Amino acid sequence: MRLLIPALKLFIKNIKTYILSFLLLIACTVLINGKLSELFAKTRYTDDIRHFSEKDAYLLSQFLSIESGIPSLSDDELSDIKGINKVMSCNCSRTTLNGLMQMDFPEKAKEVYVAYTTNGYTDEVKIPLLIGRHPKQRYDGVYEILVSQSLSKILQLNNEYVFNEVEGQYNVFVVGILAEGNVFLSLSGSGNASSYFKEITSAPPWIIIPKEHSYIKSYIKIVFFDESLNPLEKDDLIVRLNTDYGYTYSFRSVYSELLESVKRDIADKLPSCALLLLICITCVTGCVSLNTLNDMKIYGIFRLCGATKRKCVTVASLINLFLILSSLLFSVPIFNMYASVAYRQPPYISWRNYAITILIYTASFIVSAVIPRTILNKTIFNLYSET
Amino acid sequence: MLIEMTGIYKTYLSNTDNPVYALRGIDLFVKKGEIIAISGKSGSGKSTLLHILGCLDNADCGKYFFDNCDINNLPERKKANLRNKEIGYVMQDFALIPDFSVMDNVMIPSYFNKENMKKMTEKAERILTDFELSGYFNSPVNRLSGGQKQRVAIARALLLEPKLLLADEPTGALDEETGKSIMNLFKEINKEGTTVIVVTHDANVASYCQRTIRLHDGEIVGEEQNQ
C-alpha cells in the first residue's frame, strides 16, 4: 500500500506526458465500443427475429390511407381466415401521433420499421423487436435507435408529453418512414403507464409528423399459421394476405437476411476493431515505455533508498494502473456523449460496453506493465552501479 | 568491526577479450564510528568498491561482512533492506528527484519499509530543520542551490539512522566553501556515531577523515592516518 505514494507522486509529476496515452485509450475505447454496440444491437435483433421465425409467425402489416381503400381487419376477422391459428394485434392509431416531434432526414425515407413488444403473449414474445424490410444504411440513425434499444429506451426517445396524454401500458411501437419522408410513431396497449413516463426526461426532438398526413392509420398484426399447413398452402395464404389485406413479412426470410447481414457486419467490423485495439495498445505501450525509460534514474534512486527491483516494477505498474483507471473514468462519459450524438440515443451504456471497455483497459494494462518490467529488470541494476 | 572485506575481486567484461579488472584482492576493515576516505584516480575502482560496500553490486569473489552479516549470501530482498535501514548514500549528483519537494525526497526511504509514516515525517522535519532547510519543506529541489541539495541528500540518507553513510564524491559538484561545509557536516554526523566512508579524489576532502585508503588499478596501494 505504501508504494502507492511514490506511484501517485510520479504519476502526477508525469501527467503531461501521459496525455497522449489518455487520449489514445479514450478514443480507442469509444470507437471500439461504438462499432461493437452496433454489432451487438444487430445480433440481439437477429435473435429476436429468430424467436418468431422458429414459431412460424408472420407479420401482417396493413398500412392504410384514405386513398388506398384496403379494408382493415379485426383480430377476429383475421382469425377466421382459414390457415391462421392465432393473431397478435399491434394496432396503431393516428390519435397517438399527436405531439410527435421533428427530425431532419438526410433523404426521403421509403421503408417502414416496426418495433414492438407485448405482454399479452408472454410465451411467444420476449423483448422489443424491430421488423424492417431492407433497412438502408442512410437511415442508420433511425434503424439503430430501434434495434439497439429496449422498450424503455425507445420510450425515452420521445417527448414525454406524447405519452402523458395517453393512458395505457404500451407494448407495441411502430415507426413508419414513408415515401415522402414523413414519419410516424405509434403505440398501443392497455394498462397504466403514466407513472413510468413521468420519469422519462425529454429527448431532443427527432420525428416529424406533418398534419397533412394525419390520416395515416396502421394495423400491424403478427399471425401464426396453422401447423397443419403444408408449404404450398402457406405460400398461397401469404399471397392472399398480401393481395387482400396488406403486406406479409415472413420472419424466417427476415431472419435469414439479417443473419447474412450480421455475418457481413462481423466480418467488416471485427478486423477494424482488432486493428484499432492493436494500434492503441502499441501506442500506449510505447508511451508507457518511454515514460519508464524517462524515469529510470528515479527508479535507481528508489533502489538506492532500499527498493527491491520488484518494488520498482510495482511502482511502475501502479503508475500504469493510475493511467488506465483515470482514462477509464473519462471514457465512460465521453462514450455517453458520443453515443448520444452519433446514435441519437440518450446516454446509455450497456454491460457489454463496460465489459468491452474493461477488456481493452485490462489488455492495455497487461501489455504496458510487461514492458516496463522488462526494461526495469534489464537496466535498473546498472543505475548507480557499473555492472 | 562494521566492515570486514577480504580478497574482494571484481571484473567487468570478464567474458570478453578485454576484461576490466576493477578490484583486485581488496582487504578493507572499518570500525564502527570511523570516518574514512577512499581516494584514487579516476578508474582506480573507488566507486566499484563503494557499490559493493553499499550492497548495490556483488563482488566476483572474496568475503564481505557488514556488521557480522555475510553479504555474499544475502538475498536481494535483504540487501535492499540493508540499503534502506543500515546504509545511507550521498551521491555526487545528489540523486534527488527534481520535481519532488524537499520533504518528498527525504521521505523516499520510508516508502520502502513499514516504519510509522507520521514519525518519519516528524523526523524528516527535524533533520531538515537541523540542516537549516526548515523553510524549504515544500519547495521543489530543483529550486535549491547545490549545497542545499546535498544537505537534502544527506538528510534523506540519515532518515532511518543508518550505521554506515557512504558518500561518492559528495563535494564534486559543489564550490570549495560549500564543499567544506558539507564535509564538516559529515564530521558532525560521524561524531554522533555514524560510520562514514567518503570516496574522493580530492586530498582536501580526504583530510577531513581519520584515515585515507588509496586505490590504484583496483588495489589498495596505501593507507594514511590523518590528523
Side-chain angles (χ1 to χ4, degrees), chain A residues 1-19 287 290-323 372-387, chain B residues 10-14 20 22 43 45 47-52 54-58 60 75-91 93-101 104-115 117 120 140 153 156-157 159-160 162 166 168:
Chain A
M1 281 299 285
R2 196 166 283 195
L3 295 179
L4 281 170
I5 304 169
L8 196 61
K9 284 181 190 292
L10 281 178
F11 177 70
I12 293 166
K13 180 181 94 66
N14 289 336
I15 197 101
K16 280 182 198 164
T17 56
Y18 282 123
I19 284 175
C287 290
L290 285 173
N291 280 325
T292 308
L293 281 168
N294 201 35
D295 286 343
M296 282 308 288
K297 190 170 180 193
I298 292 171
Y299 293 115
I301 292 168
F302 285 170
R303 190 162 176 267
L304 211 63
C305 294
T308 55
K309 280 184 211 169
R310 181 177 287 186
K311 282 181 179 169
C312 290
V313 171
T314 307
V315 171
S317 299
L318 283 171
I319 294 170
N320 289 348
L321 191 65
F322 292 142
L323 168 74
R373 188 188 169 86
T374 314
I375 295 170
L376 285 171
N377 268 333
K378 281 191 175 172
T379 49
I380 196 167
F381 206 67
N382 294 335
L383 290 162
Y384 295 107
S385 95
E386 292 167 4
T387 46
Chain B
K10 182 74 186 178
T11 308
Y12 297 120
L13 308 172
S14 52
V20 178
S47 292
T48 303
L49 180 58
L50 193 83
H51 292 146
I52 293 171
C55 304
L56 275 173
D57 208 345
N58 298 315
D60 294 337
E76 169 63 22
R77 188 174 54 82
K78 289 199 172 174
K79 279 185 187 170
N81 203 35
L82 265 184
R83 286 199 302 273
N84 183 247
K85 289 180 177 169
E86 310 285 352
I87 302 168
Y89 284 91
V90 178
M91 297 293 189
D93 64 354
F94 318 122
L96 299 171
I97 301 173
D99 298 318
F100 276 25
S101 69
D104 287 340
N105 268 287
V106 175
M107 287 294 285
I108 290 172
S110 68
Y111 301 145
F112 306 111
N113 59 41
K114 291 175 182 172
E115 302 286 334
M117 284 296 273
M120 286 292 104
R156 184 182 66 194
L159 182 71
L160 293 167
L166 297 172
D168 192 357

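Both backbone and side-chain heavy atoms feed into the values below; hydrogens, waters and symmetry mates do not. Owing to the predicted nature of the structure, the values given are computational and were not obtained by experimental measurement. All chains are named by letter (A, B, ...) in the order of the sequence lines, taking the proteins before the strands, and each is independently numbered beginning at 1.
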With sequence neighbours left out, write down each residue that passes ring pair (Phe, Tyr, Trp, His ring centres under 6.0 Å) with F112(B), or none if nothing qualifies. F302(A)

Distance, nearest 0.5 Å, that separates CD of E76(B) from NZ of K79(B): 7.0 Å

Do N84(B) and N113(B) have side-chain atoms, one donor and one acceptor, less than 3.5 Å apart? yes

Y89(B) portion near chain A, given a 4.5 angstrom heavy-atom threshold: side chain

Can you say whether K114(B) sits under 4.5 Å from chain A via the side chain, the backbone, both, or neither, judging by heavy atoms? backbone

So do the side chains of Y12(B) and T48(B) get within less than 4.5 Å of each other, counting heavy atoms only? yes

For D104(B), is it the side chain, the backbone, both, or neither that has a heavy atom closer than 4.5 Å to a heavy atom of chain A? side chain

For L4(A), is it the side chain, the backbone, both or neither that has a heavy atom under 4.5 Å from a heavy atom of chain B? neither

With only heavy atoms counted, which part of M107(B) is less than 4.5 Å from chain A, the side chain, the backbone, both or neither? neither

Using the salt bridge (charged side-chain N to carboxylate O under 4.0 Å, His left out) criterion, which residues pair with R156(B)? Sequence neighbours excluded. none

Can you say whether K311(A) sits under 4.5 Å from chain B via the side chain, the backbone, both, or neither, judging by heavy atoms? side chain

